[in-house]
Amino acid sequence: MFGISENLTGLARGMKLALGAGMCSALLMSGALAQTTSNAATVDNPFASDMPASQSHMVPVIPTDGEVNGGQSDIVRNPALPNPEETTTPYGQVSPVLEEAEIFPFGHQLFAKSNFVDQSLSVNSDYAISPGDRIVVKMWGARVYENVLSVDVQGNIFIPEVGPIYVEGSRNSQLNSIVGKSVSRVFTDNVKVYTNLLGTQPIGVFVTGAVKYPGRYPGAKSDSILYYLSRAGGVDPEQGSYRSILVRRKGETLASVDLYNFLVNGDLADVQFEDKDTIVVGAQLPTVSVSGEVKNSYKFEIDPRTYSGADVLRIANPKGTASHVLLKGVRGDKAISQFITMDQAQRSRLAAGDQLFVESDQTSDEITVKVSGNTEGASTLTVSRSATLGQIANLIKTDPLTHELGAIYIRRPSVAERQKRAIEKSLYELQRSVLTGSSSSTSASQIRVQEAQLIDRFVQQARAVEPEGRVVLSGVDWSGTHVEDGDEIVIPEKTDVVFISGEVKVPQTILWREEYSSADYIEASGGLSNRGDDDRLVIVRLDGSVHDGSKKIMKGDQILVLPRIDTKLFAMFKDLVEITYRVALSAAVVLRAD
């Protein structure tokens, strides 16, 4: 990472007034950017043939003898704080070891919202008529009749003048035909018949085994096995099996259900339940967990007959970029850890408790780099992974009349991430110091409560800041600097104005004047606000370098006036100053601690 150079020396001198020598040393980074001095390599410009002759004044963006303005990093490091390289949680809390996310068993999602699983609203056409069912019978024509008839214990319905009609066991779809034929034997002419199964006889089904709430549950014959399992709270995710579920009737196994077939293929056994049937959920089969570059990250039950890696990965559905698998498990009395290809994983014989971490371990020979300020050709370039900034610069054409060639810098995602992590680490330490502090009296306790509220608002502001990840190139021969995938090479536009923001009464943009100092620009912006501190300035130049205002203000400079932090109000004065500077340097944003 690029270090802060001599440009912060003046800044440190200015800070001594508020922070003392100890804080200054915490803000200074050790060492400047180490670069190999070499000439920019020659690369053919693919846009040369497209460049109009009228734009012959365009010039390549290449360093000239490495002689540009002094450079520095935009990240400061306080040695008193923990190493920002350590892992942090999304909320900035320190986590020395990243805990593995909980992996649920595949199938638990069926019962995650079991309250939405309800009884069937209608009876399907294949339903078998049984005693207690209610049937609407309508006759019209030469004979008119309408009634709701119940199927008796002998399986009949009774129609006056027609007599008993046996319907038990008949399919719902056959009911109208059976009743119509019986009626036509008595009324041979001009009598039409319509039937409708109005409701079924409620039954009770026992659900037991590895379910949350074993018991007997009411339902209909046509209700699915998912309904009854849901009524029992679903399969117990800790010890129940989603693949070994039996439906038993009078001591005999009526059906064996594997819910994986339903989840993957949509196949579900069509069971016509009867009163006192029993659903038995078996014990959980051997399991393996799959996570990483997969669409279904779950714990899977494996078929004990095959223990096939291909079966598990087929259900886990690896993403298109997945190429390798880290297999962890136990074989015999030894733990194993193997990094194998996807093909090898599919051919592997797994064991209970195995963990599969699917990864994308493919590298590309090319990377993508964006260019901001390129006035000729594409704004996005695909280059070799080994390409240097000097080689890419030969592909960039820009107008020296409109762009500041000497102010080139890079926005790098990896640097922005490190800046964000450093800010998060500081915020965590700040919150911890507030929440763990003790109070000696009631009044002191009230003061700490108010202080904690102010700090909480400050932390919310700081967490909303997104660092730029600026890599400053001024002052060095950057031709041999290697680029990273996702880098954005920025060539700022020339400007004749100076930006003033932060703790001034009227933040604004003012036309640059050669004789003006930083104090003059602040005065032209209405002066300092009641929180402003003229001893704490950060001047950010077009090339990303900074100073404390002791140097001459140049065109395009941004003057950031930082707030004054009351040492009497805040016990954690040093931490607040550290975070304020860190945010200002990484994102050119001023935070208020009030």
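Keep in mind it's a predicted model, so treat the numbers as computed, not measured.
Scanning all heavy atoms of the two residues, the minimum distance from Leu268 to Ser224 falls at CD2-CB, 4.4 Å. For the pair Ile225 and Val247, the tightest heavy-atom approach, listed with the atom from each and the gap, is CD1-CG2, 3.9 Å. In terms of heavy-atom proximity, Gly240 sits nearest to Ala210 at CA-CB, 3.2 Å. The nearest pair of heavy atoms linking Arg385 to Glu366 is NH2-O, 4.0 Å. Contact record, Leu229 with Val281: CD2-CG2, 3.6 Å, taken as the closest heavy-atom pair. The two residues Pro218 and Arg231 have their closest heavy-atom pair at O-NH1, 3.7 Å.
Distance NZ/Lys250 to NZ/Lys276: 9.5 Å, rounded to 0.5 Å. Of the inter-residue distances, the one linking Asn261 atom CG with Arg243 atom CZ reads 7.0 Å to the nearest 0.5 angstrom. Note that the CD1 atom of Ile203 and the CD atom of Glu274 stand 8.0 Å from one another [nearest 0.5 Å]. Taken from OG1 in Thr195 to CD1 in Ile157, the straight-line distance is 7.5 Å, to the nearest 0.5 Å. How far CD1 of Ile135 is from CG of Asn176: 10.5 Å, rounded to the nearest 0.5 Å. In this structure, OG on Ser297 lies 12.0 Å from CG on Asn317, to the nearest 0.5 angstrom.
Using cut-offs of 30° and 60° on the angle between ring planes, the pair Phe300 and Tyr298 is perpendicular.
Taking the six-membered ring where the residue is Trp, the centroids of Phe106 and Tyr260 are separated by under 6.0 Å.
Contact of the Met342 side chain with the Val325 side chain is registered, since non-hydrogen atoms from C-beta on lie closer than 4.5 Å. Contact of the Tyr227 side chain with the Tyr217 side chain is not registered, since no non-hydrogen atoms from C-beta on lie closer than 4.5 Å. Side-chain contact between Asp303 and Ser308 is absent, with no heavy atoms from C-beta onward closer than 4.5 Å. Looking only at side-chain heavy atoms (C-beta outward), Val186 and Arg143 stay at 4.5 Å or farther from each other. Side-chain atoms of Ile489 and Leu381, non-hydrogen and from C-beta on, never get closer than 4.5 Å to each other. A heavy-atom distance below 4.5 Å is found between the side chains of Glu168 and Pro131. Residues Ile159 and Val179 are in side-chain contact: their nearest non-hydrogen atoms beyond the backbone lie under 4.5 Å apart. Counting heavy atoms from C-beta on, the side chains of Leu175 and Ser170 never come closer than 4.5 Å.
For Glu293, there are no salt bridge (Lys or Arg N to Asp or Glu O under 4.0 Å) partners at least two apart in sequence or on another chain.
In this structure, Asp277 does not pair ionically with Lys221, as no charged nitrogen and carboxylate oxygen lie closer than 4.0 Å. The residues Glu424 and Arg463 are annotated as salt-bridged, a charged nitrogen and a carboxylate oxygen being separated by less than 4.0 angstrom. Under the 4.0 Å criterion applied to side-chain N and carboxylate O atoms, Arg349 and Asp354 are not assigned as salt-bridge partners.
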Side chain to side chain contact (heavy atoms under 4.5 Å, CB included) between Thr368 and Asp485, intermediate numbers included: CA-CA 5 Å; Thr368 301; Asp485 190 27; 3.9 Å; yes
After noting the C-alpha distance and the side-chain angles of His108 and Tyr242, does the key distance pass the side chain to side chain contact (heavy atoms under 4.5 Å, CB included) rule? CA-CA 8 Å; His108 94 287; Tyr242 296 86; 3.6 Å; yes
Verdict with supporting geometry, Val358 and Lys319, side chain to side chain contact (heavy atoms under 4.5 Å, CB included): CA-CA 9 Å; Val358 181; Lys319 298 178 181 178; over 6 Å; no
Pair Val211, Asp236 - check side chain to side chain contact (heavy atoms under 4.5 Å, CB included), show working. CA-CA 5 Å; Val211 292; Asp236 188 330; 5.9 Å; no
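Within the 3.5 Å criterion, the main-chain N or O of Gln344 finds a donor-acceptor partner in the side chain of Ser348. Remark: the backbone N or O of Gly251 is paired with a side-chain donor or acceptor of Arg248 at under 3.5 angstrom. No donor-acceptor pair closer than 3.5 Å links the side chain of Thr278 to the backbone N or O of Phe206. Put simply, the side chain of Ser182 never gets that close to the backbone of Ile165: no donor and acceptor are under 3.5 Å apart. Side-chain atoms of Gln355 do not come within 3.5 Å of backbone N or O of Lys328 as any donor-acceptor pair. Side-chain atoms of Asn147 do not come within 3.5 Å of backbone N or O of Leu149 as any donor-acceptor pair. Between the Ser177 side chain and the Gln174 main chain, no donor and acceptor come within less than 3.5 Å of each other. Checked by atom type and distance alone, the side chain of Lys138 never pairs as donor or acceptor with a backbone atom of Lys192 at under 3.5 Å. Although no hydrogens or angles enter the test, the distance criterion places a donor-acceptor pair under 3.5 Å between the side chain of Asp275 and the main chain of Gly204. Of the possible polar contacts, one joining the Gln419 side chain to the Gly469 backbone as a donor-acceptor pair under 3.5 Å is found.
The environment of Asn265 atom CG is dense: over 12 non-hydrogen atoms of other residues, nucleotides or ligands sit within 6.0 angstrom.
Ser150 and Arg134 share no donor-acceptor pair across their side chains, judged by distance under 3.5 Å alone.
Applying the ring-ring contact (aromatic ring centres under 6.0 Å, His included) test to residues at least two apart or on different chains, none of the pairs has a partner in residues 145-193.
Paired with Tyr228 under the rule ring-ring contact (aromatic ring centres under 6.0 Å, His included), one option of Tyr213, Phe273, Phe111 passes, and it is Phe273.
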